[in-house]
Amino acid sequence: MNRVALITGGQRGIGLGVARSLAEAGFSLALASEVDPQDASVADALKSLGSSARYYRHDLRQISGVPALLDRIEADLGPVTTLVSNAGVSAKQRGDMLELEADSFDFVMDINLKGAFFLAQNVAKRMLERSSSHYRSLVFITSVSARMVSVERAEYCLSKAASSMMAQLFAARLAPHGIGVFELRPGIIGTDMTAGVKDKYTARIEAGLVPAGRWGEPRDIGSIVVPIAEGRMAFASGAAIPVDGGLSIPRL
């Protein structure tokens, strides 16, 4: 039986960094995103990952489509042994939280929280229904924003704080069955999502904002997902792991 990792948003950014690490570790990969399969990012990702990866178009907001997505993955690769819940969106527009409108709030929550929850729920139920010789896990990629406040993107922070609790809930529910659940909290990571604030944060990093003194890279997250997916951290299920170069350490 294959070790199969389903990575949402796996065609770019952090998700692609995780996919590359898991591919090197011998996992078969199912990349899922709402992006058109003909998009250049999908073609580039599949080319770099090789024959171990397949792409599946799926919009996290379409809850009713989750069973069909998992059926397709199982038919092609086998049952999912690791879910990396990575796909997410930021605030539509940064600004005063007192001016935040409901459509932006709902947009972020529908993808980052609701969509992520019901995908994980379906994956977890199938894990319980199917036996496996491999260790199985759910990995939620949240953010330092689960704890650190950014008042100009309140909806994003709220979605990540709630996602942190979601990881804890799944960890408690699945622990008796030997299924591990982990939360990773990336800090300032160099992706297309952060490209618009690159100059701003580079200056702040150079001024000491991040103790490690550099931007994070997608492979930094991938290097932590691999030992989780392989079961080398099994008794740490429920852990929330900062991947931020020390950004979230309280300092005077």
Side-chain angles (χ1 to χ4, degrees), residues 1-89 110-141 163 166-167 170 173-174 177 179-182 218 221-222 225-226 228-230:
M1 182 183 295
N2 289 334
R3 295 180 299 173
V4 178
L6 167 56
I7 308 168
T8 61
Q11 83 285 2
R12 65 181 187 180
I14 289 175
L16 182 55
V18 170
R20 285 174 173 154
S21 295
L22 287 171
E24 291 171 0
F27 283 75
S28 296
L29 306 175
L31 313 181
S33 168
E34 67 170 348
V35 175
D36 190 305
Q38 302 305 314
D39 188 87
S41 66
V42 175
D44 291 345
L46 293 177
K47 182 178 180 180
S48 70
L49 294 170
S51 60
S52 66
R54 298 201 183 193
Y55 181 77
Y56 301 85
R57 191 172 193 179
H58 174 70
D59 186 337
L60 281 171
R61 292 170 291 187
Q62 301 302 316
I63 306 301
S64 62
V66 171
L69 168 68
L70 298 180
D71 286 344
R72 289 160 54 206
I73 294 170
E74 289 183 9
D76 292 340
L77 302 172
V80 173
T81 57
T82 295
L83 168 64
V84 182
S85 182
N86 163 75
V89 293
D110 282 349
I111 296 172
N112 294 4
L113 184 61
K114 183 179 178 181
F117 176 86
F118 284 102
L119 175 58
Q121 181 195 66
N122 277 266
V123 170
K125 289 168 72 173
R126 292 192 183 212
M127 286 180 172
L128 295 178
E129 292 168 358
R130 295 155 173 75
S131 61
S132 175
S133 59
H134 297 299
Y135 177 75
R136 293 173 297 176
S137 60
L138 309 181
V139 182
F140 293 92
I141 309 296
S163 296
M166 176 168 60
F170 275 107
R173 176 64 178 83
L174 298 176
H177 305 279
I179 299 171
V181 181
F182 298 81
I221 291 85
V225 171
V226 170
I228 288 175
E230 291 182 335

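In terms of heavy-atom proximity, Phe140 sits nearest to Ala120 at CZ-CB, 3.8 Å. Nearest heavy-atom pair, Gly9 versus Ala87, reported as atom, atom and distance to 0.1 Å: N-CB, 3.7 Å. Taking every heavy atom of both residues into account, Leu16 and Ser48 meet most closely at CD1-OG, 4.3 Å. Of all non-hydrogen atoms in Leu31 and Ala19, the two that sit nearest each other are CD2-CB, 4.1 Å. In terms of heavy atoms, Leu22 sits closest to Ala5 at CD1-CB, 3.7 Å. Between Ala116 and Ser85, the shortest heavy-atom contact is CB-OG, 3.7 Å.
Shown here is Arg12, whose CZ atom has no more than 12 heavy atoms of other residues, nucleotides or ligands within 6.0 Å. Within 6.0 Å of atom CZ in Arg130, more than 12 heavy atoms from other residues, nucleotides or ligands are found, so the atom counts as buried in its surroundings.
In this structure, the separation between CZ on Arg126 and CD1 on Ile73 is 9.0 Å, given to the nearest 0.5 Å. Atom CG of Asp36 sits about 9.5 Å away from atom OG of Ser41, to the nearest 0.5 Å. With rounding to the nearest 0.5 Å, the separation of CG in Leu69 from CG in Leu60 is 9.0 Å. The distance from the NE2 atom of His58 to the CG atom of Leu70 is 8.0 Å, given to the nearest 0.5 Å. Between the CD atom in Gln11 and the CG atom in Leu46 there is a gap of 9.5 Å [rounded to 0.5 Å]. Here Ser21 contributes atom OG and Phe27 contributes atom CZ; the two are 11.0 Å apart, rounded to the nearest 0.5 Å.
When the options Leu77, Leu29, Leu119, Val84 are evaluated for a side-chain contact (heavy atoms from CB on, under 4.5 Å) with Leu6, the one that passes is Leu119.
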Applying side-chain contact (heavy atoms from CB on, under 4.5 Å), run through Met127 and His177 and close with a yes or a no.
CA-CA 9 Å; Met127 286 180 172; His177 305 279; over 6 Å; no

Would you please test Arg3 and Glu230 for side-chain contact (heavy atoms from CB on, under 4.5 Å) and show each step?
CA-CA 9 Å; Arg3 295 180 299 173; Glu230 291 182 335; 3.7 Å; yes

side-chain contact (heavy atoms from CB on, under 4.5 Å) between Asn86 and Val139, worked out
CA-CA 8 Å; Asn86 163 75; Val139 182; over 6 Å; no

List the steps, then state whether side-chain contact (heavy atoms from CB on, under 4.5 Å) holds for Phe170 with Ile179.
CA-CA 9 Å; Phe170 275 107; Ile179 299 171; over 6 Å; no

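Of the possible polar contacts, one joining the Tyr55 side chain to the Ser33 backbone as a donor-acceptor pair under 3.5 Å is found.
Between Arg173 and Leu128, some side-chain heavy-atom pair lies under the 4.5 Å cut-off. Put simply, the side chain of Arg61 reaches to within 4.5 Å of the side chain of Glu34, judged on heavy atoms.
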